[in-house]
Every structure is written in structure tokens, then in C-alpha cells.
Amino acid sequence: MAKICINPNCEREIPSTAVFCSFCGTQQVENENLSEEEKLHKELSETGEMIELLEKSLADAHSQIENGTADEEIQGLKNKLMAEQANQTNLQNQITAKDKEIEQLELLVNKKDKSGGFIIFIILLFLATVILSVVCFSLNNEVNQKQNEQKKVQERLDNLRQTFPLRITRIELANTDNSGKIIDDFGSKLYRSRLMYLNPKIHFDNYLENNKTFNFEIHYVDAWGRMEYNTGSGKIPTSENYISTADASVRLSGWGSNHKGNWKSGAWTVEIWYNDVCLGRRAFTIY
């Protein structure tokens, strides 16, 4: 394929891909958007086409020689052919050099990518280690704090168990004789005319870790705040009871008289004490 030079003073036939006219040097097309390597390849292609044209011209010249045409035109064509061949060799060398530069750049880029990737991996590993260390430290502090709180709660609970081993939830009273035989059952109304021994029964929440014997004090307090006790000995009524960890209620010792009618009518309060601590109380009435 060929085209005509755009120079109106030349208008010679040149390759269709030629950028510059080989006869007048006029630029034919814009080539600014091509890369340097693309320009070299394009120029090499154009040179090849130019060589083909020159070879054709040379063949025509030989034909002209045989026909007796001028030697000067033939020599000029030979010189142009040699120049284009030299130019093609030079372009090929430049392309080879550029290819080597590209290979070296690719190796360098790959090396940097690998090195950069390794550095990024190290940085991420370091950051992950730091974050994990902070999280572990925070969790460890939180665990220690919870353990300390649990220890304090346990100590407080142990102290409460020592002070309040039982939490009385309900107190019932019955009327019995001196042997403990029930006259008026638990929950019945208490009448002075029938009352002999008041016998409490306590229901409780059990916090015991081991079975234990208790020595309870039973305080009977009248409406004026006076406490009943044994007039002969001056002692407060007591009750010794063995309580296991499975027990939820126990009947205490009765206190009163073998004779009916010794209790005063009116409002009363019964209190159950252990180790100087009142575990529970209940108001009741003797009719």
C-alpha cells in the first residue's frame, strides 16, 4: 500500500504508514500519542515498507539500465537503499535495547512488589500482635477484677453465713404440755385458760455448709416491752437443736407452766436469737 506525500511541491509516492516523506522530509501524520517503543516499531515497519519500495525502484532501475537509462538515478537509489537498511538495523538495535530495559524494569517492579508485600505482611502482623496484646491485657484485668469482686462477695457471704446461718421465714406457735404433747396445734388460737407451754416452730432458708447444733434463745416480750423469763433462775428460755444442711424447719423447746392460766392475755412478740443476733420475730395474741 502507498500514499502521496502531502507536500504539494513533492507529491511523490511513499508508504501508507510513513510519518515523514523520504524524499522531502515533510511530516505526514501526528505521532505524539504513541509510546517510545511503539514509535520505534512503527518506524521500523515504515522502514521495511520503504526498503520494499526502494528494492522495487532498484529493480526498475536495472530494467532501465538494460534499456539504457541514466546511471545516476540508479546510484541514488542504491545509496537510499543502503541508508534505509542501516536505519532499519539501528531501529532494531534500539528496539532490542528497549526490550531489555523493559525486562529490567519488570524485574525491579516484581522485586519491589514482593518486598513491599512482605513489609506489609510484617506491619500487619505487628499491628495484629499489638491489638491482641491490648485485648488480652484488658481481658486479663477484667478477669482479675471479676475474681476480686467474686472473692469479696464470697467473703461477705461467708460472714453472713456465720452471722445468719438461717433466715427465718415463718414462726408458728402451739400449746403443749410439759412433755411436748400438743394441746392446741400450730396455727390455732391461743387461749389463756388453756395455755400451758408455748412451743415455737421455725421455718427457714438454710445456708449451712455443714450440720450444726444451735443454742437458740427464745424471747417472749409483752405489749409493754417486758420479757418473760424463769422467775426462779432468772434465765431466758433456750432451745438446743441439731440442724442438718437439708432441714427447712425445726420445732424448738416449749416454755411455760404445768398449770393452765399462768400466761397473761394480750399482745405478745416472740423473737428467736442466736449469737446475740435476732434471726426472726412474730407478733401473736393470747386471748
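Just so it is clear, the structure is predicted and the values come from calculations on it, not from any experiment. Computed from heavy atoms alone, side chains included, the values below leave out hydrogens, waters and symmetry copies.
Using a 4.5 Å heavy-atom cutoff, the side chains of Asn206 and Leu166 are in contact. A heavy-atom distance below 4.5 Å is found between the side chains of Asn211 and Thr245. Under the 4.5 Å side-chain criterion, counting only non-hydrogen atoms from C-beta, Pro200 is not in contact with Phe216.
Between Trp255 and Tyr220, the angle of the ring planes stays under 30°, which puts this pair in the parallel group of the 30/60° scheme.
Without hydrogens or angle criteria, Ser239 side chain to Ser253 main chain gives a donor-acceptor distance under 3.5 Å. Judged by distance alone, the side chain of Arg167 and the main-chain N or O of Phe204 form no donor-acceptor pair under 3.5 Å. Of the possible donor and acceptor atoms, one in the side chain of Thr169 sits under 3.5 Å from a partner among the backbone N and O of His203. Within the 3.5 Å criterion, the main-chain N or O of Ser244 finds a donor-acceptor partner in the side chain of Asp247. No donor-acceptor pair closer than 3.5 Å links the side chain of Arg251 to the backbone N or O of Lys201.
Atom CG of Asn210 and atom CD1 of Ile243 lie 13.5 Å apart (nearest 0.5 Å). Taken to the nearest 0.5 Å, the CZ atom of Arg226 stands 8.0 Å off from the CH2 atom of Trp268. Here the CD1 atom belonging to Ile168 is positioned 10.5 Å from the CD atom belonging to Glu271, to the nearest 0.5 angstrom.
Residue Phe186 is not grouped with residue Ile272 when hydrophobic side chains (ILVMFWY) are merged at heavy-atom distances under 4.5 angstrom, including chains of intermediate members. Leu127 and Val135 are members of different hydrophobic clusters when ILVMFWY side chains are connected at heavy-atom separations under 4.5 Å. Criterion: ILVMFWY side-chain heavy atoms under 4.5 Å apart, direct or through other members. Under it, Val221 and Trp273 are not part of a common hydrophobic cluster.
Nearest heavy atoms, Tyr274 versus Pro165: CE2-CG, 4.1 Å. In plain terms, the two heavy atoms of Arg194 and Asp184 that are nearest each other are NH2-OD1, 2.9 Å. The minimum heavy-atom distance linking Arg192 with Ser265 is given by the pair CD-OG, 3.2 Å. Closest of all the heavy-atom pairs between Asn258 and Asn178 is OD1-CB, 3.0 Å.
Pairs of residues two or more places apart, or lying in two chains, never qualify as salt bridge (charged side-chain N to carboxylate O under 4.0 Å, His left out) while including a residue from residues 15-28.
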Begin with the C-alpha distance, continue with both residues' side-chain angles, and end with the deciding distance and a verdict on side-chain contact (heavy atoms from CB on, under 4.5 Å) for Leu190 and Thr285.
-> CA-CA 7 Å; Leu190 301 173; Thr285 302; over 6 Å; no
Steps toward side-chain contact (heavy atoms from CB on, under 4.5 Å) verdict (Ile286, Lys264) = CA-CA 7 Å; Ile286 296 177; Lys264 295 179 293 185; over 6 Å; no
Before giving the answer on side-chain contact (heavy atoms from CB on, under 4.5 Å), spell out for Leu208 and Phe214 the whole-Å C-alpha distance, their side-chain angles and the decisive distance to 0.1 Å.
-> CA-CA 12 Å; Leu208 292 175; Phe214 287 81; 3.8 Å; yes
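In the displayed structure, Arg12 atom CZ is contacted under 6.0 Å by at most 12 heavy atoms of other residues, nucleotides or ligands. At most 12 heavy atoms of other shown residues, nucleotides or ligands fall within 6.0 angstrom of atom CD in Glu240. Heavy-atom neighbours of Asn148 CG from other residues, nucleotides or ligands within 6.0 Å: above the threshold of 12.
Residues passing the side chain to side chain contact (heavy atoms under 4.5 Å, CB included) test with Lys189, sequence neighbours excluded: Tyr191, Tyr287.
Exactly one of Ile182, Leu173, Thr176, Asn175 qualifies for a side-chain contact (heavy atoms from CB on, under 4.5 Å) with Asn199. That residue is Thr176. The residue from Leu198, Ile171, Thr238, Asn241 that alone fulfils the side-chain contact (heavy atoms from CB on, under 4.5 Å) condition with Leu252 is Asn241.
The pair Lys181-Asp177 fails the salt-bridge criterion, with no side-chain N (NZ, NE, NH1 or NH2) lying under 4.0 Å from an Asp/Glu carboxylate O.
Taking Ile, Leu, Val, Met, Phe, Trp and Tyr as hydrophobic and joining them when side-chain heavy atoms fall under 4.5 Å apart, one finds Tyr197 in a cluster with Ile183, Met196.
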